[in-house]
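A short write-up of the structure that comes next.
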Protein chains: 2
Amino acid sequence: MGPVLPNPVTSPMKLRPASFLILGMVRLGIGSGYAIKKVADVSTRFFWPTSLAQVYPELGRLEDAGLVSRREDPQGDRERFAYELTEDGEAALLAWMRSSKEGSTQFRDEGILRLFFADGLPRKDQLALVRRLRTRASEGVTETREEILPRAEALEHAGVRFPARVARLRVETYASTEQWFAQLESELETSAEGDE
Amino acid sequence: MGPVLPNPVTSPMKLRPASFLILGMVRLGIGSGYAIKKVADVSTRFFWPTSLAQVYPELGRLEDAGLVSRREDPQGDRERFAYELTEDGEAALLAWMRSSKEGSTQFRDEGILRLFFADGLPRKDQLALVRRLRTRASEGVTETREEILPRAEALEHAGVRFPARVARLRVETYASTEQWFAQLESELETSAEGDE
DNA sequence: GGAAGCATGTAAAGTGTTACATGATTTT
DNA sequence: AAAATCATGTAACACTTTACATGCTTCC
């Protein structure tokens, strides 16, 4: 047989959560890398942070794999590229969302780590730490209500409902955490009576 | 002046959360690297995961910095080292816990990421996804109640109370999340009536 | 006698962030 | 006219995980 022509079939690319984040954003109509990062910072950042230095190379890889298509879309002399999902890209995104395999989760919270070891601290400092954590939770509620939810609700009116649901889950979670810290705070205040 | 002798003053080491995790564990009397990793896996793993390949070099660095001391503590012919906090180590740990500067936090949750983009899914698959997430939260409650809390409560009886408090916070959080998913689940079931 | 667990450590690979570099456009 | 924002991309650094490598001890 003669020489085999280079196979145009897209090489099997290993897709990570960050890849699906980008596919999902493109599917929502967010066209440029810069815009993806901006939107991610007020929506997905809280459960999947990302950076520009990840977005641009990943868009390139997704294009190489045939999951997104890229075209020029300059604004005046300022270059810009607009991305769209291909059929393969849409299929890959849906398959990922349907997949029943446990996704990776990772939580790192230096504040809770401090709390875990707080037995080594005098009560006064324990209380101060708990108060800081409570304030932080409270600020999380406020931030989500004022900055995240409104944008998500704008989407909701356009028929895209899950971003707002996720934002509400976040409000609930922070609120419940704040409650819990408030309770611990008064517990520590009570038992601290008389000692300094 | 003659040559200056090598300065025994510990070089200023950059301490990261993982360093304090280890200092905190050593302070609780967990002596060996292997034991630290084992205890971390059933306690701090949920808000600060770590690996053996991090623990051993970090113990070495902490020793070089004079924050822990190491002595041989073999079991028969099997080598083992026992670590203890030095005064500097204790001071560094307490200073970190008292510090009011915001600690780093990072959350990554592929499940929530899926949920965020779930508008692209047919209702049936949305429902399946929400059920999976609910189950996961439920398992988190169970795991914490059955495997994490009991160990923490053993510590509690010995006067170390914060680990159990942190475990209870975790139970609360997962339980509240599970509730929320249950509600979303019935919401989706209702609105799905009649369509397939 | 074999498997599982205890115990220490290293090397390589993978993943991610920060900082850098550049230039256009819009806002103040 | 300067500052902020839009927009793309790279390079260096930091950090983590997985796999490897080794050997003893306890349990079945």
Side-chain angles (χ1 to χ4, degrees), chain A residues 13-22 25-26 30-42 44-64 68 70-83 103-110 113, chain B residues 13-22 25-26 30-42 44-64 68 70-83 103-110 113:
Chain A
M13 176 196 180
K14 207 179 117 198
L15 296 170
R16 293 160 296 156
S19 321
F20 296 112
L21 165 57
I22 289 173
M25 289 293 180
V26 171
I30 324 280
S32 74
Y34 186 86
I36 288 172
K37 164 67 174 160
K38 268 199 66 185
V39 171
D41 276 351
V42 292
T44 51
R45 162 167 67 106
F46 306 103
F47 42 91
W48 206 278
T50 194
S51 70
L52 270 177
Q54 258 194 298
V55 170
Y56 286 115
E58 187 66 30
L59 275 168
R61 282 190 292 268
L62 291 170
E63 199 203 353
D64 292 344
V68 297
R70 157 176 166 152
R71 70 183 149 76
E72 285 180 28
D73 180 29
Q75 297 299 119
D77 272 344
R78 185 201 288 161
E79 74 172 349
R80 191 169 69 172
F81 302 97
Y83 291 87
S104 67
T105 60
Q106 255 219 13
F107 300 85
R108 281 175 200 275
D109 189 327
E110 196 175 342
L113 191 63
Chain B
M13 177 196 177
K14 208 180 115 198
L15 296 170
R16 293 160 296 155
S19 321
F20 296 113
L21 164 57
I22 289 173
M25 289 293 180
V26 171
I30 324 277
S32 75
Y34 187 85
I36 288 173
K37 163 66 174 161
K38 267 198 67 183
V39 172
D41 276 350
V42 291
T44 52
R45 164 168 64 106
F46 306 103
F47 43 91
W48 207 278
T50 193
S51 70
L52 270 177
Q54 259 194 297
V55 171
Y56 286 115
E58 187 66 30
L59 275 169
R61 282 190 291 268
L62 291 171
E63 200 203 353
D64 291 345
V68 298
R70 157 174 166 155
R71 70 182 150 78
E72 286 180 28
D73 181 29
Q75 298 298 127
D77 272 344
R78 185 200 288 161
E79 76 173 348
R80 191 168 69 172
F81 302 98
Y83 291 87
S104 67
T105 59
Q106 255 219 12
F107 300 86
R108 281 175 199 275
D109 189 328
E110 195 174 342
L113 191 62

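From a predicted model like this one, the values you see are computed outputs, not experimental measurements. Every chain is numbered from 1, with letters handed out A, B, ... down the list of sequences.
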Subject >> Nearest-0.5 Å distance, CZ of residue A:Arg61 to CG of residue A:Leu15 >> reply: 10.5 Å

Subject >> Value rounded to 0.5 Å, distance of OH in A:Tyr34 from CZ in A:Arg80 >> reply: 11.5 Å

Within this structure, what is the [atom1]-to-[atom2] distance between [X] and [N], rounded to whole angstrom?
X: B:Gln75; N: C:dA7; atom1: CD; atom2: P; answer: 6 Å
X: B:Arg16; N: C:dG16; atom1: CZ; atom2: P; answer: 18 Å
X: A:Ile22; N: C:dT15; atom1: CD1; atom2: P; answer: 14 Å
X: B:Gln106; N: C:dG16; atom1: CD; atom2: P; answer: 9 Å
X: B:Tyr34; N: C:dA4; atom1: OH; atom2: P; answer: 13 Å
X: A:Arg61; N: C:dG16; atom1: CZ; atom2: C1'; answer: 11 Å

**OP:** Heavy atoms of chain B, cut-off under 4.0 Å: which first and last nucleotide of DNA chain D, 5' to 3', fall inside that, if you could look?
**Re:** D:dC15 to D:dT25

Taking side-chain hydrogen bond (donor to acceptor under 3.5 Å, both in side chains) as the test, write out the residues that go with [X], two or more places apart.
X: A:Thr50; result: A:Gln54
X: B:Glu79; result: none
X: A:Ser19; result: A:Glu58

Just so I know, are the side chains of [X] and [Y] near enough to count as touching, which here means a heavy-atom distance under 4.5 Å?
X: A:Thr44; Y: A:Val39; result: no
X: A:Thr105; Y: A:Phe47; result: no
X: B:Val42; Y: B:Lys38; result: no
X: B:Leu59; Y: B:Glu63; result: no

Subject >> Terminal helix-axis angle for the helix from C:dG1-D:dC28 to C:dT28-D:dA1, with five pairs defining each axis and rounding to 10 degrees >> reply: 40°

Pairs: protein N or O with nucleotides 26-28 of chain C N or O, under 3.5 Å:
none

**OP:** Establish, with yes or no, whether the OP1 or OP2 oxygen of C:dT8 is under 4.0 angstrom from a side-chain nitrogen or oxygen of B:Ser32.
**Re:** yes

Original post:
Does B:Lys38 have a side-chain nitrogen or oxygen under 4.0 Å from the phosphate oxygens OP1 or OP2 of C:dT8?
Top reply: no

**OP:** Map A:Trp48 and A:Asp77 onto DNA chain C by nearest heavy atom, then report which one ends up closer to the 5' terminus.
**Re:** A:Trp48

What residues, two or more places apart in sequence or in another chain, satisfy side chain to side chain contact (heavy atoms under 4.5 Å, CB included) together with [X]?
X: A:Pro49; result: B:Gln106, B:Arg108
X: A:Phe46; result: A:Glu143, A:Ile148, A:Arg170
X: A:Ala53; result: A:Ser51

**OP:** Using ring pair (Phe, Tyr, Trp, His ring centres under 6.0 Å) as the criterion, list what pairs up with A:Tyr83, not counting sequence neighbours.
**Re:** none

Original post:
Among all residues two or more places apart in sequence or in another chain, which pass the ring pair (Phe, Tyr, Trp, His ring centres under 6.0 Å) test with A:Tyr56?
Top reply: none

Original post:
So what does B:Lys14 hit on the nucleic acid, given a heavy-atom distance under 4.0 Å: a base, only sugar-phosphate, or nothing?
Top reply: sugar-phosphate

Subject >> Positions of residues 51-58 of chain A (non-hydrogen atom under 4.0 Å from DNA chain C), listed by number >> reply: A:Ser51, A:Ala53, A:Gln54

